[in-house]
Amino acid sequence: MKHVSLADARANIAKLLDEVERGETVTISRDGVHARDVAAPAQERSADVVQAIEELKQLRKANGPATVEEILSWRDEGRRF
């Protein structure tokens, strides 16, 4: 998520809208206070979600089911204990 001031948003509105169209969420602040989030319409995002789910299904078919040990290992990967 990107944060910009109202003045920056006014000066760079075309660039910010391009980023929003690519899926980025932009937060605009007025006087340092969160004013509004700008995001792509939900319809476009839902298409991305459907595509991601289909890709995950294909990956699962290719690799088979995961074991409990693998899932726990993935969950804990990168954690500090």
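We use all heavy atoms of the structure for the numbers below, so side chains are in, but hydrogens, waters and symmetry mates are not. Remember, predicted model here, so these are calculated numbers, not experimental data. In this chain, numbering begins with 1 at the start of the sequence shown.
Between Ile13 atom CD1 and Asp8 atom CG the span is 11.0 Å, to the nearest 0.5 Å. Summarising the geometry, atom CG belonging to Leu6 is positioned 5.5 Å from atom CZ belonging to Arg30; distances are rounded to the nearest 0.5 Å. Here CG of Leu16 is found 13.0 Å from CZ of Arg10. Values are rounded to the nearest 0.5 Å.
The salt bridge (charged side-chain N to carboxylate O under 4.0 Å, His left out) test applied to Lys15 returns no partner, not counting sequence neighbours. Residues satisfying the salt bridge (charged side-chain N to carboxylate O under 4.0 Å, His left out) test with Glu70, not counting sequence neighbours, are none. In this view, Leu56 satisfies the side-chain contact (heavy atoms from CB on, under 4.5 Å) rule with no residue, not counting sequence neighbours.
Under a 4.5 Å side-chain heavy-atom cut-off, the cluster of Ile, Leu, Val, Met, Phe, Trp and Tyr residues that includes Met1 has no other member. Other members of the cluster containing Leu59 do not exist, because no ILVMFWY side chain is joined to it at under 4.5 Å. Counting Ile, Leu, Val, Met, Phe, Trp and Tyr side chains that sit under 4.5 Å apart, directly or through other members, Val33 stands alone, with no cluster partners.
Shown here is Asp31, whose CG atom has no more than 12 heavy atoms of other residues, nucleotides or ligands within 6.0 Å.
Arg79 approaches Arg75 most closely through the heavy-atom pair NE-O, 3.3 Å. Here the shortest heavy-atom pairing between Val20 and Ala39 reads CG1-C, 3.5 Å.
Between Thr27 and Val4, every side-chain heavy-atom pair lies at or beyond the 4.5 Å cut-off. Side-chain contact between Gln58 and Lys61: present, with at least one pair of heavy atoms (C-beta onward) separated by less than 4.5 Å.
Of the possible polar contacts, one joining the Glu24 side chain to the Lys2 backbone as a donor-acceptor pair under 3.5 Å is found.
Side-chain contact annotation: Thr25 with Asp37, donor-acceptor N/O pair under 3.5 Å absent.
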